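Only one structure is covered here, and it is reproduced in the block below.
Positions are given from 1, in the same order as the sequence printed here. Counting convention: from 1, in listed order, for ligands and their atoms alike. Quantities reported herein were computed from a predicted structural model and do not represent experimental measurements.
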Amino acid sequence: MFRRLPSVACLATAVAAVVSLPLQAAPKVALELVAEGLTSPVSIAPLPDGRALVVDQVGYVRLLRKGGGLEGEPALNFTNRLSVLNHGGFDERGFLCVTLHPGFVSNRRIFATYTAPKRATAPADWDCTLRLAEFRLPAAEPLRIDPESERVVLEIDKPYGNHNGARLAFGPDGFLYLSVGDGGNANDQGRRPEKGNAQDTFSLLGKVHRLDVNGAKPYDIPTDNPFVGGRGGRQEIFAYGLRNAWGLSFDRGGMHELFAADVGQNLFEEVDILVKGGNYGWALREGFHGFDPKAPNTPVDPGTRVGSRGEALFDPILEYRHPGPKKDPDALGISITGGYVYRGRALPQFTGHYIFADWTHNMALPQGQLIVAWRPTDGAARWKHEVIEVVQPVKWGAYVTAFGQDDDGELYVMTNGSNGLRPGAGRVWKLRPSE
Ligand SMILES: [Ca+2]
């Protein structure tokens, strides 16, 4: 069943009449463990029968049973098709995301992202290939994704192994949105130092793309993408000036806005609401501040407000700071993990609020935190946010890797007990009421 909702463009121009209520009390949740024994779960896609596909970064798609627990055999073993990974240590590469086509019930199409070995055409010192691919999931039991059904949709050469983005979301317009990081290294500089990628509209790095995957070709360009028909940039681009959007989701209610969590560098993490053609500032800005690559630890305030073509730079809806030498109560952590606007029934106090996380407060320790943000009722553009207390389990130390949402709008959070690809410490939890 293919649901067609009003287009994003129409919704973006709608008056902001849908305002969620502010939180009434300190936010709390309980976490119900639904899967464990993974290495690094990074994506979950609910199936219509109540099961779900869970991506383990090291190259597996596992089947989560309805009610919890993983099926023994993976639905897909792709370990020998990935770029070489840093097993046992920190790595942003691997199998990264899976999502179902909106018409999955009849067409069984699924889309995935992963890092593949470097292409022969890429510069010799570059790292890998970010690949967006399509697979089919036959209906026969046991459910198995046929690796030979793969159809490559888009490949992007990566200069470095980090900052892949690679989050996927189908919009209410039926198009596929894909986040791509700035290429890696620091300051959006490095193996292509003459110009940063995120501000370069002729680079596919540092962007969110919007693809029409509903035709016969691997993809078509939606006719109203911002750079269609002109010479301003790549036609795949929907929004740009992004560093590493690790989190990309549409609000399934409200105004169906597109939320991106853009991982910051040394100082500020941010959440953006993306609109078509928007420039979100990196690497001219980080959070609400100007950014100088020659002094990346010193914010430039107010900093530049315009891009190279004179376009206004969009502010995020919120930022939080990294822990620094000062004990800063707003210093929530070092790397944002994007989530979802809550539209389920189990946690009514969060309805219309954006639930996300910080990966950890300290790279060496499992100190992730869940966070909730809400649009202020006074019309201010900047959202408010607060840490969510996890009341169960009491000892909940983990790196928060990703979120998922089921067809009822209930949320899942994925965690890793280590900061890298160490087997066994990856878990999937469902968010439950605290009492
Ligand atoms: Ca930004």
Answer yes or no: is there a donor N or O on one side and an acceptor on the other, between the side chain of Asp358 and the main chain of Ile334, under 3.5 Å?
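Yes; at least one donor-acceptor contact below 3.5 Å.
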
Could you list the residues that satisfy salt bridge (charged side-chain N to carboxylate O under 4.0 Å, His left out) with Arg81, not counting sequence neighbours?
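So Arg81 forms a salt bridge (charged side-chain N to carboxylate O under 4.0 Å, His left out) with Glu148, Glu150.
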
Number of protein N/O/S atoms that sit closer than 3.0 Å to the Ca ion (ligand 1):
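Under the 3.0 Å cut-off, the count stands at 3.
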
Nearest 0.5 Å please: distance from the CD atom of Gln199 over to the CZ atom of Arg309.
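Going from the CD atom of Gln199 to the CZ atom of Arg309 covers 8.5 Å.
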
Going by the rule ring-ring contact (aromatic ring centres under 6.0 Å, His included), which residues pair with Phe135 if we only count those two or more places apart in sequence or in a different chain?
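Listed in chain order: Phe78.
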
ring-ring contact (aromatic ring centres under 6.0 Å, His included) partners of Tyr280, counting only residues at least two apart:
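So Tyr280 forms a ring-ring contact (aromatic ring centres under 6.0 Å, His included) with Phe314.
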
Between Asn164 and Glu92, a side-chain donor and acceptor under 3.5 Å
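Looking only at side-chain atoms, Glu92 and Asn164 do not form any donor-acceptor pair under 3.5 Å.
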
